[in-house]
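A quick write-up on the structure given underneath.
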Amino acid sequence: MTLASPLGCSPDSLLRGLLTEKRGLSFDHRFRGWIAAPLGELPWVELGLKIEDPRETDLALHGASRVLVDQLNQEHNFLTRYTPEELGLFVGTTTSGINGFFRAAGLQKINGQNFEQLLKADMQQAWLAQELSDVFGLRGPSWTLSSSCAASAQALGLAYDALATGMLQAALVVGADILNLVTLLGFEALQVLDHELCRPFEAERGGINLGEAVVVLLLEKAPRSRPLNRIVAYHALSEGYHMTQPAPEGRWMRSAMEGALHKAQLSPADISYLNPHGTGTEANDRCEGQAIREVFGEKLRSHPSKRWTGHTLGAAGALEAAITSLFLNSEASTQAARSKSNFGLSNSFGFGGANVSIVFEGVV
Amino acid sequence: MTPLQKAALLAFSRLAVEQAAALAYARLSQAPLFFTSAYGELSPMLRITQSILEHDLPISPKDFQHSVLNAALAYLTMNQNWHQAGFAFSGGYLSADSTLHLASHRLKAGLDTAAIIIHAHEQHRRDGEGEAEAEALILGVETPPHSAYCLQRSEWLAEPRAPGEGTRVYRELHSPELIPWLIEDKGPVLERQLINRKGQALVTTWTAY
């Protein structure tokens, strides 16, 4: 895996940051003229990229994704090891192509032109996948999932299925969302942003801190080197309840976790690490907390990593899959695994009730 | 509801009337819903972006929650009390066909026994009002008795290839182009090849009974 998160540009820095409880969130960010709440920004300088205008989101998204796919290929040579038909691309994002939309909206306002005439490929969420395919010569199948905050968790699930069924030999899963005005002002309008540092699952929690991340994961059917971990199973479902609120008592959140455990043929006691969706909003944490207690009892402590990274939206599923992997392979987990199983579970619950729970096994 | 959401719901309702038995089978067999749209929710996105451009803040919370690509899918699952997995795709010019390709592969591999595809597209008129269309179809492992068409093959091509006789070719041009519908004249085109602006291509072949 390669990644960039508010806690640094490597898996090591992410794990180190989380273990030392370092906050990747700051009030001094590039959108401070628009939003007073803290945000989790990528360390752009460390990535070797410079953002001239915070509104040029797609440029930043393109640059970061390109760097990280290239870096992963240098480590694993997947571009040469697999034929185009064997390697698929699965992108999870919510706002890729947002600048294309702003350009079209601006032109429509100025010219009064029919909006239909302004539709361009660069204003679709699929734009990033098309660009990456173009830059890296990926000629195999590609899909872009955009189910809100469950986007890259769904991408990971479908990629896992594609490998399990032999459709593909390998899959590149990219979870990517960069902070932009639509997202920031949208969540502000919903009044769910915490204007202090967020406190998921705490009684005094006040909402979400938003963040940004780009995560690139390589899934292989027959890995050349020892993998970090493996996906055991996942379960996706629709709440069919409300656009922004979870069903009472976390009924469908519980179903997602139980479904994933059932498919993995595991019992709740087998899970040693749990990364909840844990946004910090009153409703999510109340419902998810209840669902977790009902499935796992009081013993298993969840690790709400958004407290340190912020909520990275469409990238969150992939970022938290990476975090789950890192924790299952960390020294503490490795020691624990000597006496018990080394399985972790990650939850992603998106707008509109798109729920996904994924079970991972650390390969110790 | 937005035009896209209404269109998706209407297409699904049509399916419920015209293919009630197949839909009951899909529900029973826990079929996933695959929603696909090239541009997603144009109307709320346009209002939000123009609001921001005009510094007319704050933006509407309702528009924001309607602007996500899976909003139509979400309202559909609420309206239909549907709790199976729902996946929302943006695939550009290949939106509908690439989703069909994935769904059919999953069926052939035995992951699903049925799948529902909803493909929706919004157009935007000069007066600022949006209007949308959507189509819905059910795929099944065993061809349901109501079905008049069977998907034989779908293939993702690294390069476009010379089309065979009878193959209809759709090519994404640089000018705005409507995404081709899966169902035309009440059925799918028996063989078609779609080519996007990057030269990626997909071929699908159907058989009519």
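Letters A, B, ... mirror the listed sequences (proteins, then strands); counts begin at 1.
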Report which part of A/Thr183 has an atom under 4.5 Å of a heavy atom belonging to chain B: side chain, backbone, both, or neither.
backbone
Tell me, yes or no, whether the heavy-atom count around A/His262 atom NE2, taken from other residues, nucleotides or ligands under 6.0 Å, exceeds 12.
no
Could you give the distance from CD1 (A/Ile98) to CD1 (B/Ile52), rounded to the nearest 0.5 Å?
7.5 Å
Gap between atom CG of A/Leu145 and atom CZ of B/Phe87 - 0.5 Å precision
7.5 Å
Do other residues, nucleotides or ligands put more than 12 heavy atoms under 6.0 Å from the CG atom of A/Asp53?
yes
If you count heavy-atom pairs within less than 4.5 Å of chain A, which of B/Ser37, B/Pro32, B/Pro61 leads?
B/Pro61
Checking B/Gln80 against chain A: side chain, backbone, both or neither under 4.5 Å from a heavy atom?
neither
Output, in order, the C-alpha distance, side-chain angles, deciding distance and verdict of side chain to side chain contact (heavy atoms under 4.5 Å, CB included) for B/Leu42 and A/Phe101.
CA-CA 9 Å; B/Leu42 288 180; A/Phe101 219 102; 3.7 Å; yes
Does anything in residues 133-156 of chain A form a salt bridge (Lys or Arg N to Asp or Glu O under 4.0 Å)? List the pairs, not counting sequence neighbours.
A/Asp134-B/Lys198, A/Arg139-B/Glu159
Using a cut-off of under 4.5 Å for heavy-atom pairs, which of B/Ala74, B/Ala38, B/Ala158 has the most such pairs with chain A?
B/Ala158
Does any heavy atom of chain A fall under 4.5 Å from the side chain of B/Asp63, the backbone, both, or neither of them?
neither
Atom pair CG/OG1 of A/Leu237 and B/Thr77 - distance to nearest 0.5 Å
10.0 Å
Mind checking the CD1-CZ spacing from B/Ile59 to A/Phe187? Nearest 0.5 Å is all I need.
10.5 Å
With only heavy atoms counted, which part of A/Gln191 is less than 4.5 Å from chain B, the side chain, the backbone, both or neither?
neither
Residue B/His105 versus chain A: region with a heavy atom under 4.5 Å:
side chain
Leading residue by heavy atom contact count with chain A [cutoff under 4.5 Å; candidates B/Ala109, B/Ser98, B/Ala201]
B/Ser98
Just give me the residue among B/Ala71, B/Ser51, B/Gly92 that pairs up with chain A most often, heavy atom to heavy atom, under 4.5 Å.
B/Gly92
Heavy-atom distance under 4.5 Å to chain A: side chain of B/Phe35, backbone, both or neither?
neither
To the nearest 0.5 Å, how far apart are CG in A/Leu118 and CG in B/Leu46?
9.5 Å
Set out, in order, the CA-CA distance, both residues' side-chain angles and the distance that settles side chain to side chain contact (heavy atoms under 4.5 Å, CB included) for A/Leu181 and B/Thr49, then state yes or no.
CA-CA 9 Å; A/Leu181 286 177; B/Thr49 45; over 6 Å; no
When you check the gap from the basic side-chain N to the acidic O, do A/Lys120 and B/Glu172 get nearer than 4.0 Å?
no
As an exercise, state the distance from CD of B/Gln50 to CZ of A/Phe115, rounded to the nearest 0.5 Å.
7.5 Å
For the backbone of B/Ala88 and the side chain of A/Ser147, can you confirm whether one donor and one acceptor N or O come within less than 3.5 Å of each other?
yes
Sort B/Gln84 into side chain, backbone, both or neither according to what part of it lies under 4.5 angstrom from a heavy atom of chain A.
backbone
Proximity breakdown for A/His235 and chain B, heavy-atom pairs closer than 4.5 Å
neither
Do the side chain of B/Ser90 and the main chain of A/Ala126 share a donor and acceptor less than 3.5 angstrom apart?
yes
Can you tell me if NZ on B/Lys62 sees more than 12 non-hydrogen neighbours from other groups inside 6.0 Å?
no
Do B/Gln200 and A/Gln130 have side-chain atoms, one donor and one acceptor, less than 3.5 Å apart?
no
Based on non-hydrogen pairs under 4.5 Å, which of A/Ala150, A/Gly140, A/Ala354 is most in contact with chain B?
A/Gly140
Please determine, among A/Met167, A/Lys109, A/Arg55, the option with the most heavy-atom pairs under 4.5 Å with chain B.
A/Met167
Whether over 12 other heavy atoms sit under 6.0 Å from B/Arg27 CZ:
yes
Under a 4.5 Å heavy-atom cut-off, does chain A meet the side chain of B/Leu111, its backbone, both or neither?
side chain
Which atoms of B/Leu157 come close to chain A, meaning under 4.5 Å heavy atom to heavy atom: side chain ones, backbone ones, both, or neither?
backbone
Pick whichever of A/Gly106, A/Gly88, A/Ser238 has the most heavy-atom pairs under 4.5 Å with chain B.
A/Ser238
Sidechain-backbone polar pair: B/Trp82 side chain, A/Gly240 backbone, donor-acceptor under 3.5 Å:
no
With chain B, the option among A/Glu239, A/Glu85, A/Met123, A/Gln125 that has the most non-hydrogen atom pairs under 4.5 Å is A/Gln125
Is any side-chain heavy atom of B/Asn81 closer than 4.5 Å to a side-chain heavy atom of A/Tyr241?
no
Heavy-atom proximity to chain B below 4.5 Å, by part of A/Glu188:
neither
Looking at B/Arg197 and A/Glu131, what are the two nearest heavy atoms and their distance?
NH2-OE2, 3.8 Å
Between chain B and each of A/Gly97, A/Ala105, A/Gly352, count heavy-atom pairs under 4.5 Å; write down the option with the most.
A/Ala105
Side chain, backbone, both or neither of A/Pro141 within contact of chain B (heavy atoms, under 4.5 Å):
both
Taking the side chain from A/Gln154 and the backbone from B/Gly86, do they hold a donor-acceptor pair closer than 3.5 Å?
yes
Kindly determine whether B/Arg106 and A/Thr165 satisfy side chain to side chain contact (heavy atoms under 4.5 Å, CB included), including the steps that lead there.
CA-CA 8 Å; B/Arg106 291 173 60 90; A/Thr165 57; over 6 Å; no
Per-residue tally against chain B (heavy atom, under 4.5 Å) across A/Gly353, A/Ala189, A/Gly186, A/Ser96 peaks at A/Gly186
Taking atom CD of A/Glu249 as the centre, report whether more than 12 heavy atoms of other residues, nucleotides or ligands fall under 6.0 Å from it.
no
Would you call the rings of A/Phe351 and B/Phe64 parallel, tilted or perpendicular, taking 30° and 60° as the class edges?
perpendicular
